[in-house]
Amino acid sequence: MAFRRRRLFIGVVMSAFSILERLRAAFAVGDVRSDYGQERRIDHARRLDVTTRMRRGQLDLLDAAAKTIFGNFFAGIVVAFIIRHEVTPVVLAVWLAGLAVVSWGLFARVKWHKKQNTSERLSLDVITHRLNEHAVFAAALGLVWGVFIVCFGPTLSSGSLVIVSLIVIGCISGTLSAIGPSLPVFFGFFLTTLTALIYANFIQASPNGRLYAFLIALYGIALVVNVLTFNRSVLSALRQRAKNELLADSLAVAEAATEAAMRSKWVSFAHLSHELRTPMNAVLGFSDMMRQQMFGALSPRYLDYAQSIHSSGNEALALIDSILEVSRARTGEMTLAESRFDPVILAHELVREFTTAATEAGIIININIRHPGTGLYADRTKIRQVLHNLISNALNYTCAGGRITLDLSYANEGFCLTVTDTGVGIAADEIAFCQEPFVRLGDPLISRANGAGLGLPIAKHLLEAHGGSLSIESRLGHGTSVTFLLPASRCVPLMGEDHNAAPELPFLRLVNRD
């Protein structure tokens with residue numbers, strides 16, 4: 001008995017677990033179905049948007065063709081002139097008045113709608129209502145023609161009826177391209193006019209009346225085939241345009257979101273850089289006090305540690321400043337402190353700054369100056385940073401015994417400075433890639449280049465802030481040439497001292513070229 005109870009208890013527990021598993025699976029299926037339903041709702045919304053845009057295209061075509069409806073009024077004047085001796089003037093005047101009222105009514109209605117909906121995006125219901133209005137006016141215009149032809153066509157002479165038939169058929173053919181984009185609008189005019197023509201010719205007493213009616217019917221069939229083909233082509237083009245517009249809108253939204261995300265990222269970088277500067281300044285200040293042994297002597301080992309801390313802190317602070325500079329450029333918060341200066345003197349200062357690094361690496365630096373004596377009106381600090389980054393990159397990627405050349409020149413397009421090295425070079429497919437932030441080329445395990453890959457991006461943004469540009473020409477294994485160009489509007493004359501005197505440096509060779 002106890003064994004049976006135990007088996008019963010185990011069976012109940014297993015059944016409960018089975019029920020719970022089935023419920024979990026059912027809820028899981030429900031979630032999948034919910035996701036599928038969400039996807040279907042999104043897809044339905046997209047199709048609805050495409051349909052709305054396509055119908056709006058139809059409406060725009062019909063609104064643009066509203067002026068052509070006056071052609072029917074002028075055709076009515078021609079018909080009235082031809083049959084003026086066969087129909088009383090009062091009837092002709094009433095009929096022409098009907099044509100004028102319908103034509104002017106449609107034209108005025110279209111103008112009123114355009115004035116009311118200049119800045120409003122029309123919904124599908126409103127567009128459908130507007131298309132129905134066009135169909136009603138087209139049917140009314142055709143009815144004016146049809147009633148007149150049915151009432152007075154059979155009483156006209158054979159020649160007059162033939163001429164009237166040709167004029168009406170011409171009106172129908174002329175409206176094909178104007179109102180053909182909407183089949184209800186076209187058939188509202190087509191059926192009322194063509195049916196009346198066939199009837200008038202069929203019951204006329206002339207011997208060729210039935211033949212004319214048959215030919216008009218054949219022409220109507222051909223016209224129907226043409227308008228169906230034309231309408232299909234127009235709707236296909238409108239549908240494709242609607243899809244392209246929807247994709248363009250989605251792309252614009254995605255680009256705006258991406259731009260906002262990028263801006264948010266760089267704003268966060270800027271805030272982070274500001275927050276890091278405060279503790280880094282404290283590290284530099286205290287390590288400098290330790291290096292100077294202001295509060296007592298330190299052992300040589302601790303003094304060496306203090307020197308390493310101070311040196312590493314300076315490198316970290318330079319990296320923080322670089323990130324802050326790129327963040328300001330990306331968020332549009334960069335400001336320029338412009339002044340007049342001599343770029344030749346600036347180049348000499350930077351070469352002097354890299355004296356130790358160039359000597360240790362065994363690299364020769366040449367400076368070529370063409371058309372000296374012209375200065376720049378720009379932010380000297382930022383231009384100095386651009387040139388500093390370019391020379392630093394050239395030193396990092398040039399081997400011992402190599403050469404770096406600074407070429408300064410002035411031309412009609414402006415001031416041009418080119419930094420050319422005989423280093424490892426850059427592959428053609430990596431030239432654009434290396435101008436992005438935090439990109440470092442080469443094998444990181446064997447490269448001796450320092451930095452975080454911000455030198456070229458910073459230089460590019462600083463030059464663009466001055467209205468200039470940066471270009472790179474390189475070939476793998478044959479060196480790199482980086483050129484920055486400032487517009488001619490930033491070139492100003494310099495007077496006075498000799499700006500071409502080169503400092504006495506063992507590795508510097510200055511060449512003046514007129």
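We're numbering straight along the sequence, starting at 1.
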Write down the atom of [X], the atom of [Y], and the distance for their closest heavy-atom approach.
X: Leu463; Y: Ser469; answer: CD1-O, 3.7 Å
X: Cys491; Y: Tyr410; answer: SG-CD2, 4.2 Å
X: Pro181; Y: Phe230; answer: CD-CE2, 3.8 Å
X: Ile172; Y: Phe190; answer: CG2-CD1, 3.6 Å
X: Thr398; Y: Ile404; answer: OG1-CG1, 4.3 Å
X: Ile179; Y: Leu62; answer: CA-CD2, 3.6 Å

Can you confirm whether [X] sits close enough to [Y] that some side-chain heavy atom of one is under 4.5 Å from a side-chain heavy atom of the other?
X: Leu406; Y: Asn366; value: no
X: Leu408; Y: Asn368; value: no
X: Ser123; Y: Thr52; value: no
X: Leu223; Y: Phe186; value: yes
X: Thr422; Y: Thr405; value: no
X: Leu131; Y: Arg55; value: yes
X: Phe484; Y: Val419; value: no
X: Phe73; Y: Trp104; value: no

Given 3.5 Å as the limit, does a donor-acceptor pair link the side chain of [X] with the main chain of [Y], or not?
X: Thr175; Y: Cys171; answer: yes
X: Asp342; Y: Gly375; answer: no
X: Arg490; Y: Tyr377; answer: yes
X: Asn231; Y: Val227; answer: no
X: Asp421; Y: Thr480; answer: yes
X: Ser392; Y: His388; answer: no
X: Ser481; Y: Thr420; answer: no
X: Asn244; Y: Gln240; answer: yes
X: His466; Y: Asp379; answer: yes

For this session: Please determine which of His134, His113, Gln58, Lys111 meets the side chain to side chain donor-acceptor pair (under 3.5 Å) test together with Asp63.
Result: His134

Can you tell me how far apart [atom1] ([X]) and [atom2] ([Y]) are? Round to the nearest 0.5 Å.
X: Glu133; Y: Leu59; atom1: CD; atom2: CG; value: 9.5 Å
X: Arg232; Y: Arg239; atom1: CZ; atom2: CZ; value: 11.0 Å
X: Leu346; Y: Leu376; atom1: CG; atom2: CG; value: 8.5 Å
X: Phe415; Y: Leu485; atom1: CZ; atom2: CG; value: 9.5 Å
X: Leu390; Y: Gln385; atom1: CG; atom2: CD; value: 10.5 Å
X: Asn393; Y: Ile391; atom1: CG; atom2: CD1; value: 10.5 Å

Exercise. Yes or no on side-chain contact (heavy atoms from CB on, under 4.5 Å) for Phe187 and Val224, after CA distance, side-chain angles and deciding distance?
Worked result: CA-CA 9 Å; Phe187 282 110; Val224 168; 3.9 Å; yes

Seminar exercise, completed: Only residue of Val344, Val351, Leu350 satisfying side-chain contact (heavy atoms from CB on, under 4.5 Å) with His348 is Val344

Do the side chains of [X] and [Y] get close enough for a salt bridge, i.e. N-O under 4.0 angstrom?
X: Glu349; Y: Arg380; value: yes
X: Glu353; Y: Arg384; value: yes
X: Arg53; Y: Asp249; value: yes

Problem set entry | Trace of the side-chain contact (heavy atoms from CB on, under 4.5 Å) decision for Leu61 with Val234 | CA-CA 10 Å; Leu61 292 175; Val234 171; 3.9 Å; yes

